[in-house]
**Q** 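Let me give you the structure first, and then I'll get to my questions.
Residue numbers run from 1 in the order of the sequence given. Start at 1 and go down the list; that is how both ligands and their atoms are numbered.
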Amino acid sequence: MKVLVVGAGGREHALAWKIAASPLVEEVLCAPGNAGTSRVGRNVDVSATDLDGLVRLAVEEQVGLVVIGPEDPLCAGLADRLREVDVSVYGPEASGARLEGSKVFTKEFLDRHRIPTGGWRRFDRSGAAKSYLESASTWPLVVKADGLAAGKGVFVCRDAREACAVIDTVMEERSLGEAGGEVLVEEYLVGKELSVHAVTDGRTLLILEPVQDFKQVGEGDTGPNTGGMGIYSPVPFVSQRLMRQIEQRVLIPTLHALQVEGIPYRGTLYAGLMVTEAGPRVLEYNCRFGDPETQAICRRLKSDLVPYLLAAAEGRLADEEPPEWDSRSCVGVVAAAEGYPGPYRKGDVIRGLEEAEEDPDVVVFHAGTRQDQSQVLTNGGRVLCVTALGDEIATAREKAYGGIEKIEWSGKFSRPDIALPRPSDPLHPGDDEEFGIGNELGEEPITLDG
Ligand code: AMP
Ligand code: GLY
């Protein structure tokens, strides 16, 4: 079978790498891919937002499965288009992708179905937003642009002055374009962040190992938000009890709500959670695999990923066995181009990629890279992610940073504190709970009735 992976980031390199290892797969195509994906598959020069081109490619190449990486083509209806021509596709249709594409839609959906999330208000006029913010008495508050903004539309504001300045930039100056037509003001939630992915066919859920992402650009969670600067998995604070709460209060109710509302959903349901003292709260949903979370998931998943993706695409996930996981820890450190998440330079020569992978526990996933004859050049803000496995988080961390040090280009930077405990994340939890995550056998698929 041929599999087409749509996208060009680190997530797509990790997916292509894992898919290429499947005995079911004879060739992986990546559209458009990057220098990394060209080593495990064949890059085809069709952009991830060229829906006509992608449908044509899938049909002409007779691919057995299309895996859609990024949110933009999902929100634009790529899955709808592919299903119309009977191509098996992993990724929800535009109606399901709204869970990521519109924050207002999602907050209303969460409230309607009593799925736990923080309090919020919406504003489509900057004046009304500012008068609300000027009279607010509890700070911080979070201001969010409604539409897609690649992780850059969220602002944690300490006071009314800061928040009103954000309103001016986002709503008046339209710094994020269309995404700033409407804003949300949200309650600021305190707790530990966690990314939980489930593979689903709309009826059955398969919950994957949780991952923690480091979203802010600077050491100690400072500076603007990015797409994610690093990850680790398993996450020691996640107990079996917390996993059951996430399953029972968030994931199952979400799938049930999608069914009740008649929204089909075949793909990844990714809950971005804040684990508060009162339990898990949904910060956001994503309609696709996380980046860089997927890099850790693909390193730790021992089972073949393809049967799960195919079963979800074809609506028969209930028949699948639980996956096997590597019980070792995975740490992934992103190296970015100077200036990211602001404007950055492209076209710098990257050296040391092979040396970084001399350690058999290290795999480098490319993100913004481009092959130029024998050289690999930077071609994006997040350039690559060095992942490593180790018996302990600390060993995996050491190996990942060892790899990072061997790779060079002008302006390269990483966060130095990926996978170090945050003040809010005790790495040595109390003994009163059973910590089962990290066991080799994963979750059983859960099927909803009706
Ligand atoms: P989002 O894209 O909505 O997930 O927001 C990006 C990041 O901003 C999240 O990963 C959190 O770190 C932070 N964030 C978003 N919403 C809140 C909130 N209500 N309370 C605290 N932090 C938040
Ligand atoms: N790493 C966060 C995301 O993929 O949305």
**Q** Under the side chain to side chain donor-acceptor pair (under 3.5 Å) test against Arg300, which residue among Ser233, Ser327, Ser329 passes?
**A**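 Per the side chain to side chain donor-acceptor pair (under 3.5 Å) rule, the option paired with Arg300 is Ser233, out of Ser233, Ser327, Ser329.
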**Q** Any idea which atoms of ligand 2 are less than 4.0 Å away from a heavy-atom of Gly290?
**A**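 Here the atoms of ligand 2 in question are 4 (O).
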**Q** Distance under 4.0 Å to a non-hydrogen atom of Asp213: what atoms of ligand 2 satisfy this?
**A**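 The list of qualifying atoms is 1 (N), 2 (C).
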**Q** Would Leu258 and Leu99 satisfy side-chain contact (heavy atoms from CB on, under 4.5 Å), going step by step from the backbone distance to the final call?
**A** CA-CA 10 Å; Leu258 287 167; Leu99 278 185; 4.1 Å; yes
**Q** Should the pair Tyr285 and Phe109 be assigned to parallel (<30°), tilted (30 to 60°) or perpendicular (>60°) ring geometry?
**A**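 The rings of Tyr285 and Phe109 stand perpendicular, inter-plane angle above 60°.
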**Q** Quick check: Asp291 and ligand 2, any N/O pair under 3.5 Å apart?
**A**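 There is such a contact, yes.
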**Q** Who's closest to atom 23 (C) of ligand 1 heavy-atom-wise, of Asn286, Thr106, Leu283?
**A**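 Looking at heavy atoms only, the winner is Leu283.
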**Q** Could you check atom 5 (O) of ligand 2 against the protein and tell me its nearest heavy-atom contact, residue, atom and distance included?
**A**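 Going atom by atom, the protein heavy atom closest to atom 5 (O) of ligand 2 ends up being Arg288 NH2, 2.9 Å.
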**Q** Please list, in number order, the atoms of ligand 2 under 4.0 Å from a heavy atom of Glu293.
**A**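 Near Glu293, the atoms of ligand 2 are 1 (N), 2 (C), 4 (O).
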**Q** Is ligand 1 under 4.0 Å from a heavy atom in the side chain of Val190, in the backbone, in both, or in neither?
**A**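 Val190 to ligand 1: no contact under 4.0 Å from either part.
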**Q** Under 4.0 Å, heavy-atom basis, I'd like to know which part of Glu187 is in contact with ligand 1: side chain, backbone, both or neither.
**A**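 The answer is the backbone.
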**Q** Report the residues that fulfil side-chain hydrogen bond (donor to acceptor under 3.5 Å, both in side chains) with Thr387, sequence neighbours left out, ordered by chain and then residue number.
**A**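 Residues passing side-chain hydrogen bond (donor to acceptor under 3.5 Å, both in side chains) with Thr387: Arg299.
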**Q** Would you mind running through ligand 2 and noting each atom that sits below 4.0 Å from a heavy atom of Asn286?
**A**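 In order of numbering, the contacting atoms are 5 (O).
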**Q** Taking 4.0 angstrom as the limit and counting only heavy atoms of Glu186, give me the atoms of ligand 1 inside it, by number and element.
**A**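 What qualifies from ligand 1 is 16 (N), 19 (N).
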**Q** Answer yes or no for Lys103: is there a heavy-atom contact with ligand 1 below 4.0 Å?
**A**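 Yes, that is the case, since the closest heavy atom of the residue is under 4.0 Å from the ligand.
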**Q** Measure the acute angle between the ring planes of Tyr270 and His197, then classify it against the limits of 30° and 60° as parallel, tilted or perpendicular.
**A**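 Tyr270 vs His197 ring planes: tilted.
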**Q** Taking C-beta and beyond as the side chain, do Leu305 and Leu15 meet within less than 4.5 Å on heavy atoms?
**A**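 Touching, per the 4.5 Å side-chain cut-off.
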**Q** Nearest heavy atom to atom 8 (O) of ligand 1: which of Val154, Asp221, Asp213 does it belong to?
**A**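 Nearest heavy atom to atom 8 (O) of ligand 1 lies in Val154.
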**Q** For the pair Arg288 and Asp72, find out whether any cationic side-chain nitrogen is under 4.0 Å from an anionic carboxylate oxygen.
**A**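 Salt bridge: no.
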**Q** Under a 4.0 Å heavy-atom limit, does Val142 contact ligand 1 with its side chain, its backbone, both, or neither?
**A**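 The answer is the side chain.
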**Q** Considering only NZ, NE, NH1 and NH2 on the basic side and carboxylate oxygens on the acidic side, decide whether Arg112 and Glu261 come within less than 4.0 Å.
**A**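 Salt bridge present between Arg112 and Glu261.
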**Q** Who's closest to atom 9 (C) of ligand 1 heavy-atom-wise, of Arg281, Gln216, Lys144, Glu193?
**A**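 That would be Glu193.
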**Q** Heavy atom of Tyr270 under 4.0 Å from ligand 2?
**A**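 It does; at least one heavy atom falls under 4.0 Å.
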**Q** Flag Gly227 as yes when one of its N or O atoms lies below 3.5 Å from any N or O atom of ligand 2, and as no otherwise.
**A**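 Yes - when backbone and side-chain N and O of Gly227 are compared with those of ligand 2, one distance drops under 3.5 Å.
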**Q** Out of curiosity, is Asn225 lining ligand 1, as in a heavy atom under 4.0 Å away?
**A**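 Yes, Asn225 has heavy atoms under 4.0 Å from ligand 1.
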**Q** Between Arg203 and Asp201 (salt bridge meaning N to carboxylate O under 4.0 Å), is one present in this structure?
**A**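 Between Asp201 and Arg203 there is no salt bridge, as every charged N stays at least 4.0 Å from the carboxylate O atoms.
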**Q** If you measure every N/O of Lys215 against every N/O of ligand 2, is any gap under 3.5 Å?
**A**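 Between Lys215 and ligand 2 (N or O atoms, distance only) the closest approach is not under 3.5 Å.
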**Q** May I ask you to decide whether Arg161 forms a salt bridge with Asp159, counting only side-chain N to carboxylate O separations under 4.0 Å?
**A**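 Salt bridge absent between Arg161 and Asp159.
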**Q** Mind running side-chain contact (heavy atoms from CB on, under 4.5 Å) on Arg39 and Gln371 for me, showing each step along the way?
**A** CA-CA 10 Å; Arg39 291 167 194 196; Gln371 191 80 39; 3.4 Å; yes
**Q** Would you call Arg122-Glu108 a salt bridge at under 4.0 Å N-O?
**A**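 Looking at Arg122 and Glu108, the cut-off is met.
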**Q** Show the atoms of ligand 1 that are less than 4.0 angstrom away from any heavy atom in Lys215.
**A**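 In order of numbering, the contacting atoms are 10 (O).
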